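Naming: A, B, ... by sequence-line order, numbering from 1 per chain. Worth saying up front: this structure is predicted, and the values here are computed from it rather than measured.
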Number of protein chains: 2
Amino acid sequence: MNNSIVSNLNFEPDLLKEIDEVGELKNYKDGDVIMDYGKYLKIIPIVTKGTIKILKMDENGRELLLYYLSSNDTCSMAYSCCMEAKKSEIRAVAEGDVELITIPNTKLDSWHSKYPSWRNYIMRSFNERFLELLKSIESIAFHKLDDRLVSYLKEKHRLLGSNVIKVSHYQIADEMATSRVVISRLLKQLENDGKILLYRNEIKLLTSFI
Amino acid sequence: MNNSIVSNLNFEPDLLKEIDEVGELKNYKDGDVIMDYGKYLKIIPIVTKGTIKILKMDENGRELLLYYLSSNDTCSMAYSCCMEAKKSEIRAVAEGDVELITIPNTKLDSWHSKYPSWRNYIMRSFNERFLELLKSIESIAFHKLDDRLVSYLKEKHRLLGSNVIKVSHYQIADEMATSRVVISRLLKQLENDGKILLYRNEIKLLTSFI
DNA sequence: TATTGTAGGTAACAAATGTTACTCATTTCT
DNA sequence: AGAAATGAGTAACATTTGTTACCTACAATA
């Protein structure tokens, strides 16, 4: 297996060998649902390529983007699901092409006591996810929609490395748990302010925006 | 040290002995700030008595109640602060009398590899805190203030075990990151609906509420 | 007792967000 | 080509939440 990516996590050689033995490489395409609400999980994923978005849904079907996972990340939710055999509270969707290595949950406990690097990796992941959620809460609780929209666009820009973001107003509204009309209104405002340009399925960030 | 409370966490006898040796018992009174924004932490706490509320503040000083810690809980934020020497992003305040045991961070890594029960405890704690944050996000993102206020009162009722909640409108507004006038308005609405009775510094939940 | 501070009630208004309804343009499908 | 689906613009309006301002009641205390 090609774990050249995983290898820069500073895992012990023995651990890398074990990952090579039991890990499975999986591929997903844009929009594929990698994990879903209510599902039981028997593996934990380590992302090697691409980006995964993590969503939470309410009773009425509205969704909210919590955070992204990208290379070398793993999902804490997955970890705790595995350890406690609980249902997932979140949905994971591939954003573009995604490659990941799945680790069967039978290995987790023994790796945890055997490999300090693994322990560190999991702990750091928990911590990072925790902080992402805090950021998310801060954003929702303390900032108005226009600010949140700007953050959203900047995050996309950071992830894609491009000034052109291919996304529909509907999608944004979905991920921010609001309605399309509201997003269109705010985007139009940004366009009028000379920060962005709007096209069908596409938003161009101008230099004054970034 | 009296660790009769901690003993029902199913820790190994050896671990209990170590906790007895290095843990320190601390006491706090209502309103005491146990942990604060930006502080570095060198211990992690295990709550043995009382309730601690965990708050997050934004740049403008508005606060938001994230969740409560009570007996046998520990704080994941503390854990990750200790492991990565990071500043705290949250504030912890005693709600009533609080007793807790502090564990010096020098012990964490070795306990983590030596004691499966400790590992479990920390993992379960991370998971619980993670779910609390998710609940918090769900509440803010998907529910209106009146619903959130009802949840707030029900949570207080659950924690206190009493129908009489001693709290001012100001306090509630603070913890829900909104203003006093708004809370007064919504409480009055609940009173008009026959769900609660309002007094100075006191809210009485009627049977139709619970 | 007079004074001061705190808790709470309430009206009037402002701002932010959500909803409905209709339009047009572009793409996709048949 | 024609029909249907999708993406987006926009107005008008409703609701929710935030803000300001002022009032009353109660409690603490000098």
Side-chain angles (χ1 to χ4, degrees), chain A residues 30-31 58-65 137-153 156 164-205, chain B residues 30-31 58-65 137-153 156 164-205:
Chain A
D30 187 57
D58 80 337
E59 314 91 52
N60 310 318
R62 285 203 309 179
E63 286 199 319
L64 177 73
L65 173 66
I137 287 181
E138 189 172 339
S139 169
I140 305 172
F142 300 131
H143 296 293
K144 301 213 192 94
L145 260 183
D146 48 358
D147 281 347
R148 288 176 54 205
L149 180 57
V150 168
S151 301
Y152 175 95
L153 292 173
K156 284 276 185 195
V164 176
I165 298 172
K166 300 214 177 277
V167 66
S168 74
H169 299 189
Y170 290 91
Q171 255 177 281
I172 300 179
D174 242 42
E175 298 183 359
M176 291 180 61
T178 177
S179 78
R180 197 269 315 171
V181 183
V182 171
I183 293 297
S184 291
R185 185 159 58 202
L186 293 173
L187 283 173
K188 184 52 72 180
Q189 186 58 46
L190 282 174
E191 190 176 43
N192 290 339
D193 292 352
K195 305 266 180 75
I196 61 176
L197 290 176
L198 296 175
Y199 307 95
R200 188 188 179 89
N201 279 319
E202 191 179 309
I203 298 171
K204 189 178 219 161
L205 310 181
Chain B
D30 188 58
D58 80 338
E59 313 93 50
N60 310 318
R62 285 203 308 179
E63 285 200 320
L64 177 73
L65 173 67
I137 287 182
E138 188 172 339
S139 168
I140 305 171
F142 299 130
H143 295 293
K144 300 213 193 94
L145 260 182
D146 48 358
D147 281 347
R148 288 177 53 208
L149 179 57
V150 168
S151 300
Y152 176 94
L153 293 174
K156 284 278 185 195
V164 176
I165 298 172
K166 300 215 176 277
V167 66
S168 74
H169 298 188
Y170 291 91
Q171 253 178 284
I172 301 179
D174 242 41
E175 298 183 358
M176 291 180 61
T178 178
S179 78
R180 197 271 312 174
V181 183
V182 171
I183 293 298
S184 291
R185 186 158 60 203
L186 294 173
L187 283 172
K188 184 51 74 179
Q189 187 58 47
L190 282 173
E191 189 177 43
N192 290 340
D193 292 353
K195 304 265 179 75
I196 62 176
L197 290 176
L198 297 175
Y199 307 96
R200 189 188 177 87
N201 279 319
E202 190 179 309
I203 298 171
K204 189 179 220 162
L205 310 182

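- In this structure, the CG atom of Asp174(B) is 13 Å from the P atom of dG18(D), given to the nearest Å.
- Of the two residues near DNA chain D, Tyr199(A) and His143(B), the one whose nearest nucleotide lies more 5' is Tyr199(A).
- Of the candidate nucleotides dT19(C), dT6(C), dT19(D), dT6(C) has the atom lying nearest to any side-chain atom of Arg200(B).
- One can find a donor-acceptor pair under 3.5 Å joining the base of dG9(D) and the side-chain atoms of Arg180(A).
- Across all strands shown, Leu187(A) has no heavy atoms under 4.0 Å from either base or sugar-phosphate atoms.
- Closest approach to the Arg185(A) side chain among dA8(D), dA12(D), dG8(C) is made by dA12(D) (side chain taken as heavy atoms from C-beta onward).
- Between Lys144(B) atom NZ and dT15(D) atom P there is a gap of 10 Å when expressed in whole angstrom units.
- Among the nucleotides dA16(C), dT17(D), dT10(D), the one closest to any side-chain atom of Val181(A) is dT10(D).
- Taking atom CG of residue Leu190(B) and atom P of nucleotide dG8(C), one finds them 15 Å apart after rounding to whole Å.
- Taking every heavy atom of both residues into account, Lys204(A) and Tyr199(A) meet most closely at CB-CE1, 4.1 Å.
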Please determine whether side-chain contact (heavy atoms from CB on, under 4.5 Å) holds for the pair Val167(B) and Tyr152(B), giving the CA-CA distance in whole Å, both sets of side-chain angles, and the decisive distance to 0.1 Å.
CA-CA 12 Å; Val167(B) 66; Tyr152(B) 176 94; 4.2 Å; yes
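- One interatomic measurement links the two molecules: CD1 of Ile140(B) to P of dA16(C), which rounds to 20 Å at whole-angstrom precision.
- Listed nucleotides dT19(D), dG7(D), dG8(C) differ in distance to Ser184(B); the shortest reach to its side chain belongs to dG8(C).
- One interatomic measurement links the two molecules: CD1 of Ile172(B) to P of dG8(C), which rounds to 8 Å at whole-angstrom precision.
- Using a 4.0 Å heavy-atom distance criterion, Ser168(A) is classed as a sugar-phosphate-only contact.
- Here the C1' atom of nucleotide dT6(C) and the CD atom of Gln171(B) are 13 Å apart, to the nearest Å.
- Remark: His169(B) is in phosphate contact with dG9(C), judged by side-chain N or O atoms under 4.0 Å from OP1 or OP2.
- Between Ile172(B) and Leu149(B) the shortest heavy-atom distance is CG2-CD1, 3.8 Å.
- Spacing between atom CG of Leu197(A) and atom P of dG9(D) amounts to 12 Å, rounded to whole angstrom units.
- Counting to the nearest Å, the C1' atom of dT28(C) and the CG atom of Asn201(A) are 13 Å from each other.
- The two atoms that bring Leu186(B) and Leu145(B) nearest to each other are CD1-CB, 3.8 Å, heavy atoms only.
- Side-chain N or O atoms of Arg180(A) include none that pairs as donor or acceptor with a backbone N or O of His169(A) at under 3.5 Å.
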